[in-house]
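Presented below is the structure to which this report refers.
Hydrogens, waters and symmetry mates are skipped; everything else that's a heavy atom, side chains included, is used.
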Amino acid sequence: MKYVLVTGGVVSGLGKGVTASSIGVVLKACGLRVTTIKIDPYLNTDAGTMSPFEHGEVFVLDDGGEVDLDLGNYERFLDIKLTRDNNITTGKIYQSVINKERRGDYLGKTIQVVPHITDEIQDWIERVAMNPVDGKEGPPDVCVIELGGTIGDIESMPFIEALGQFSYRVGPGNFCLVHVSLVPVLNVVGEQKTKPTQHSVRGLRGLGLAPDILACRSTEPLEENVKAKLSQFCHVPVSSIINLHDVTNIWHIPLLLRDQRAHEAILKVLDLQFVGKVPREPKLVEWTERASKFDKLKATVKIAMVGKYTGLSDSYLSVLKALLHASVAMGRKLVVEWVPSCDLEDSAAKETPEAHKKAWKLLKGAEGILVPGGFGDRGVQGKILAAKYARENNVPYLGICLGMQIAVIDFACSIMKLPGANSTEFDPDTMSPCVIFMPEGSKTHMGATMRLGSRRTYFHATACKSAKLYGNARFVDERHRHRYEVNPEMVPEFEKAGLSFVGKDESGRRMEIIELPSHKFFIGVQFHPEFKSRPGKPSPLFLGLIAAASGQLETLLQPSSNIVNPNPMPRFPIPKKTIYHAKKPLDSLVNGYFANGNVIHT
């Protein structure tokens with residue numbers, strides 16, 4: 001097994017996750033099987049209870065793991081399926097060691113950070129690195145490890161020590177360290193400054209790790225004299241100094257690595273450059289075509305994103321990625337209009353009239369509306385108003401998780417005229433509880449107590465739009481993360497009033513997909529389709545939203561369209577009672593690789 005460690009220096013948010021993912025892409029294109037591990041030094045056991053403002057979105061895996069958003073980057077770039085064990089946190093490590101101590105596994109030893117915590121980290125890495133993540137049998141060839149945070153952080157010290165020991169454990173030729181650093185340009189001086197990177201490398205060496213490759217972030221390409229200076233002071237060959245400057249879209253990053261022969265530098269350190277099965281040139285034809293296609297897009301599609309975390313786009317990173325995948329596939333340049341749901345509410349008209357006016361202007365100017373998942377009652381009324389506007393004005397609408405639930409609430413209030421219709425999450429005493437707490441959930445513990453991970457949804461209507469978008473599949477497996485669900489006792493009333501529940505779980509009692517048949521495109525789903533969207537395989541529901549918003553839905557739904565059908569619909573109709581038992585300069589720099597314009601974090 002070969003290991004590539006990616007660390008970061010100077011400032012956080014340089015794009016280590018994208019760099020690690022892109023390294024994986026290039027190595028995979030060289031014919032190697034790649035897996036990844038993300039190390040997060042925080043004390044939380046997982047990311048499940050963290051606010052999006054703290055750490056961006058919570059990415060959900062097939063096994064129900066609630067993990068760092070970088071694992072979403074790994075899955076999207078490498079088209080792999082990771083597990084919760086691929087995300088290491090300080091909380092998990094200490095919990096494991098303490099559990100062993102309580103069982104008596106250490107035979108009375110005094111438990112210390114060194115060697116017990118450091119050994120646990122190394123053992124965890126070795127164990128998880130051997131697990132296949134690409135659907136094939138046998139262990140991968142290379143494991144790319146990303147160490148979160150910045151070199152010098154106090155909470156990272158046990159991991160730094162463990163990784164230093166680990167490099168000796170696996171031996172020379174099996175460990176490559178890539179250090180991502182910043183080469184800024186001061187406006188007053190106008191030249192690229194190497195001192196931050198020099199200090200970062202010096203700090204790294206002082207902790208027992210020496211970089212084999214420098215990945216230097218900058219706004220513009222590095223000058224040759226700057227590379228020479230970095231080489232001299234950081235003791236890294238010029239050929240191993242890779243420049244990752246700002247690009248027009250994120251899909252150029254693997255191409256930058258290839259063009260600068262980064263794969264050759266990595267393979268040389270890993271003693272793989274002469275292995276017969278590894279080609280000299282990575283095969284990145286699809287990446288090249290995709291990056292080029294994105295740059296040439298002219299016609300736009302404008303989607304209003306209605307949520308309460310609109311001040312931090314990382315809160316909806318996977319949704320943005322899924323929109324991007326779909327818009328490129330449909331030949332449209334994505335323009336996301338961020339609409340704070342609080343600003344749509346009637347109270348905002350009095351308290352913040354300008355913000356209220358601006359929010360409604362953005363919503364009404366959009367060609368499609370998306371309400372993503374969320375928790376808590378802040379901004380809920382604004383989301384309900386957004387769903388109502390989309391329903392009444394035939395504007396394409398996609399509601400995800402909470403976005404589906406608020407569409408149901410709006411239907412109950414506006415169409416069925418149910419008094420006080422609401423979710424028990426927002427009004428526990430509502431007379432018309434159209435959304436209720438799931439019986440298996442916990443009201444005392446927050447972490448890992450939701451309905452999580454991949455679950456199967458069966459289509460109960462063969463002619464619905466969502467089934468057609470999924471290629472007339474009879475079922476789909478999508479990832480979930482929710483505590484509340486549509487009240488199954490009220491479903492007959494909803495269906496009688498015209499709301500169709502076209503997708504349900506295997507029991508037939510848990511509602512998964514809603515549609516308004518008379519609407520151009522009005523779909524709500526309880527699951528999170530964004531988590532399984534890939535650049536080359538966009539989520540069908542996001543494709544449908546973009547197609548409807550750009551006037552291409554009829555063409556997309558034609559039998560001749562290239563929609564993948566993973567689970568074909570049987571020729572006979574499914575009996576209703578059948579139950580299937582199934583298994584901006586600085587901003588762009590700090591936030592990673594980003595382009596100017598309305599779309600950020602593409």
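Applying the salt bridge (charged side-chain N to carboxylate O under 4.0 Å, His left out) criterion to Arg103, with sequence neighbours excluded, gives Asp105. Residues satisfying the side chain to side chain contact (heavy atoms under 4.5 Å, CB included) test with Leu186, not counting sequence neighbours, are Val189, Lys193. For Tyr309, the ring-ring contact (aromatic ring centres under 6.0 Å, His included) partners at least two apart in sequence or on another chain are Phe53. Listed by chain and number, the residues in a salt bridge (charged side-chain N to carboxylate O under 4.0 Å, His left out) with Glu126 are Arg169 (sequence neighbours excluded). In terms of the side chain to side chain contact (heavy atoms under 4.5 Å, CB included) criterion, residue partners of Pro372 (sequence neighbours excluded) are, by chain and number, Met305, Tyr316, Val319, Leu370. Annotation: side chain to side chain contact (heavy atoms under 4.5 Å, CB included) contacts of Pro139 (sequence neighbours excluded): Met130. Listed by chain and residue number, Pro529, Ser533, Leu541, Phe542 satisfy the side chain to side chain contact (heavy atoms under 4.5 Å, CB included) test with Ser539 (two or more places apart in sequence, or in another chain). Under the salt bridge (charged side-chain N to carboxylate O under 4.0 Å, His left out) criterion, Arg451 pairs with Glu512, not counting sequence neighbours. In terms of the salt bridge (charged side-chain N to carboxylate O under 4.0 Å, His left out) criterion, Arg378 has no residue partners (sequence neighbours excluded).
The two atoms that bring Tyr74 and Ile37 nearest to each other are OH-O, 4.2 Å, heavy atoms only. Contact record, Leu14 with Ser181: CD1-C, 3.7 Å, taken as the closest heavy-atom pair. Contact record, Pro158 with Ile117: CB-CG2, 4.3 Å, taken as the closest heavy-atom pair. Here the closest non-hydrogen pair linking Asp212 and Val236 is O-CG1, 3.7 Å. The minimum heavy-atom distance linking Lys16 with Leu147 is given by the pair CE-O, 3.3 Å. Nearest heavy-atom pair across His263 and Val26 is CB-CG1, 3.4 Å.
At a cut-off of 3.5 Å, with distance as the only test, no side-chain donor of Ser454 or Asp477 sits close to an acceptor on the other residue. In this structure, a donor-acceptor pair under 3.5 Å is absent between the side chains of Glu146 and Thr36. A donor and an acceptor atom, one from each side chain of Thr83 and Asn131, are nowhere located under 3.5 Å apart. Side chains of Lys38 and Asn87: no donor on one and acceptor on the other come within 3.5 Å. In this structure, a donor-acceptor pair under 3.5 Å is present between the side chains of His179 and Thr7.
Under a 3.5 Å cut-off, the side chain of Gln192 and the backbone N or O of Pro184 do not form any donor-acceptor pair. Panel note: side chain Trp287, backbone Ile253; no donor-acceptor pair is recorded below 3.5 Å. Ser315 places no side-chain N or O within donor-acceptor distance of the main-chain N or O of Gly56, the cut-off being under 3.5 Å. With hydrogens and angles disregarded, no donor-acceptor distance shorter than 3.5 Å links the side chain of Arg534 to the backbone of His325. Here the side chain of Arg102 pairs no donor or acceptor atom with the backbone of Val97 at under 3.5 angstrom. Although no hydrogens or angles enter the test, the distance criterion places no donor-acceptor pair under 3.5 Å between the side chain of Asp40 and the main chain of Gly148. In this structure a side-chain-to-backbone donor-acceptor pair under 3.5 Å is present from Asn174 to Val170. The backbone N or O of Val114 sits nowhere less than 3.5 Å from a side-chain atom of Glu161 that would complete a donor-acceptor pair. Looking at Asp153, its side chain never comes within 3.5 Å of a backbone N or O of Glu155 through a donor-acceptor pair. With hydrogens and angles disregarded, no donor-acceptor distance shorter than 3.5 Å links the side chain of Ser240 to the backbone of Ile213.
The local environment of CD in Glu286 is sparse, with at most 12 non-hydrogen atoms from other residues, nucleotides or ligands closer than 6.0 Å.
With rounding to the nearest 0.5 Å, the separation of CG in Leu71 from CZ in Phe59 is 7.5 Å. Here the OG atom belonging to Ser22 is positioned 9.0 Å from the CG atom belonging to Leu255, to the nearest 0.5 angstrom. In this structure, CG in Leu27 is found 6.0 Å from SG in Cys30, a value given to the nearest 0.5 Å. Atom-to-atom distance recorded for Glu264:CD and Leu272:CG is 13.0 Å, nearest 0.5 angstrom. The CE atom of Met50 lies 5.0 Å from the CG atom of Asn44; values are rounded to the nearest 0.5 Å. Taking CD1 of Ile266 as the start and NZ of Lys268 as the end, the distance is 13.5 Å to the nearest 0.5 Å.
The pair Arg33-Asp141 does not count as a salt bridge, with every side-chain nitrogen at least 4.0 angstrom from each carboxylate oxygen. No salt bridge links Lys92 with Asp46; every basic N to acidic carboxylate O contact stays at or beyond 4.0 Å. A salt bridge is defined here as a Lys NZ or Arg NE, NH1 or NH2 lying under 4.0 Å from an Asp or Glu carboxylate O, and Arg261 with Glu281 meets this definition. Salt bridge status for Lys321 with Glu530: absent, with no side-chain N to carboxylate O gap under 4.0 Å. The pair Lys81-Asp134 does not count as a salt bridge, with every side-chain nitrogen at least 4.0 angstrom from each carboxylate oxygen.
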Using side-chain hydrogen bond (donor to acceptor under 3.5 Å, both in side chains), reason through Ser318 and Glu57 one step at a time and then give a plain yes or no. CA-CA 8 Å; Ser318 290; Glu57 76 168 4; 2.5 Å; yes

Any chance you could lay out the salt bridge (charged side-chain N to carboxylate O under 4.0 Å, His left out) test for Arg481 and Glu66, step after step, and finish with the verdict? CA-CA 9 Å; Arg481 185 175 185 251; Glu66 297 172 287; 2.7 Å; yes

Would Thr248 and Asp295 satisfy side-chain hydrogen bond (donor to acceptor under 3.5 Å, both in side chains), going step by step from the backbone distance to the final call? CA-CA 7 Å; Thr248 53; Asp295 290 339; 2.8 Å; yes

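Each of Leu78, Ile80, Asp79, Asn73 was scored for a side-chain contact (heavy atoms from CB on, under 4.5 Å) with Arg76, with one residue passing: Asn73. Exactly one of Leu244, Ile241, Thr194 qualifies for a side-chain contact (heavy atoms from CB on, under 4.5 Å) with Cys216. That residue is Ile241.
Contact check for Leu182 versus Pro196: no side-chain heavy atoms found under the 4.5 Å cut-off.
Each side-chain hydrogen bond (donor to acceptor under 3.5 Å, both in side chains) pair with one or both residues in residues 107-120, not counting sequence neighbours, appears once here: Ser96-Glu120, Lys100-Glu120. Applying the salt bridge (charged side-chain N to carboxylate O under 4.0 Å, His left out) definition to pairs two or more places apart or across chains, none involves residues 18-29. Residue pairs meeting the side-chain hydrogen bond (donor to acceptor under 3.5 Å, both in side chains) criterion with at least one partner in residues 220-230, sequence neighbours excluded, are absent.
Using cut-offs of 30° and 60° on the angle between ring planes, the pair Tyr3 and Phe166 is perpendicular.
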